[in-house]
Amino acid sequence: EDQVTQSPEALRLQEGESSSLNCSYTVSGLRGLFWYRQDPGKGPEFLFTLYSAGEEKEKERLKATLTKKESFLHITAPKPEDSATYLCAGGFQAGTALIFGKGTTLSVSS
Amino acid sequence: GAVVSQHPSWVICKSGTSVKIECRSLDFQATTMFWYRQFPKQSLMLMATSNEGSKATYEQGVEKDKFLINHASLTLSTLTVTSAHPEDSSFYICSAGLSAGYGYTFGSGTRLTVV
């Protein structure tokens, strides 16, 4: 069965304490690996799409990387406003739905 | 660009009544719309996929007679929860596949509470 697995389930960081979130996938036919941020009571907010192993993308304090089996979301010097749930999803051919992992809930305290 | 507007953002209804949730693509044509359900502290679970002008495809275990999906135009898809019960209380989110390029955009979600 195709799966997208995220770890850890929850992560607590102090402000400025860098860390990484993991997303491993066993899906076949993957076209793109997506990262989203979700705040409580809101829909997912798009962060990155990665298409091939070795690809990296950055946005402010976030950097996403992709290998053949997993993706990492690196958070550098996080701030309290980075607190959210980060979702990873596998994408396939256009017109088919994303397969989501369970997410990592990040809490950053000042 | 590529915004999906979802309404209402929250709704409370009585058990046995029906509730309609709307998703409109504001600046693009949504050929395909996906409907997800999310329980507290859980991830998004796909309920159904709808293509404009055709019947929706439901995931295993999703009652198609309870969750009616209409995608009559390229800019509007609706989910109607019929004869709602407390166990239908959840967060419902729509998502559209982008017509240009490869990507997905999400609505802001609807919190349904059935009392």
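Chain letters run A, B, ... following the sequence lines, proteins first, then strands; residues in each count from 1.
- In this structure, A:Lys102 places its NZ atom where only 12 or fewer heavy-atom neighbours from other residues, nucleotides or ligands lie under 6.0 Å away.
- At distances below 3.5 Å, not a single donor-acceptor pair connects side-chain atoms of B:Ser108 with backbone N or O atoms of A:Gly43.
- Enclosure of atom CZ in A:Arg12 is not indicated, since only 12 or fewer non-hydrogen atoms of other residues, nucleotides or ligands lie within 6.0 angstrom.
- Contact annotation for B:Gln38: only side-chain heavy atoms (C-beta onward) come within less than 4.5 Å of a heavy atom of chain A.
- Scanning both residues, B:Phe106 and A:Leu98, for their nearest heavy atoms gives CZ-CD1, 4.2 Å.
- When heavy atoms are compared at a cutoff of 4.5 Å, B:Leu46 approaches chain A solely by way of its side chain, counted from C-beta outward.
- Applying a 4.5 Å heavy-atom cutoff, the residues of residues 29-41 of chain A that approach chain B are A:Arg31, A:Gly32, A:Phe34, A:Tyr36, A:Gln38, A:Gly41.
- Environment of CD in A:Glu81: crowded, with over 12 heavy atoms of neighbouring residues, nucleotides or ligands closer than 6.0 Å.
- Scanning residues 72-93 of chain B against chain A with a 4.5 Å heavy-atom cutoff picks out B:Phe91, B:Ile93, ordered by number.
- Listed by sequence position, A:Tyr51 are the residues of residues 45-55 of chain A in contact with chain B, using a 4.5 angstrom heavy-atom cutoff.
- Both the backbone and the side chain of B:Ser43 come within contact range of chain A, each with at least one heavy atom under 4.5 Å from a heavy atom of that chain.
- For B:Lys64, the side chain to side chain contact (heavy atoms under 4.5 Å, CB included) partners two or more places apart in sequence, or in a different chain, are B:Tyr58.
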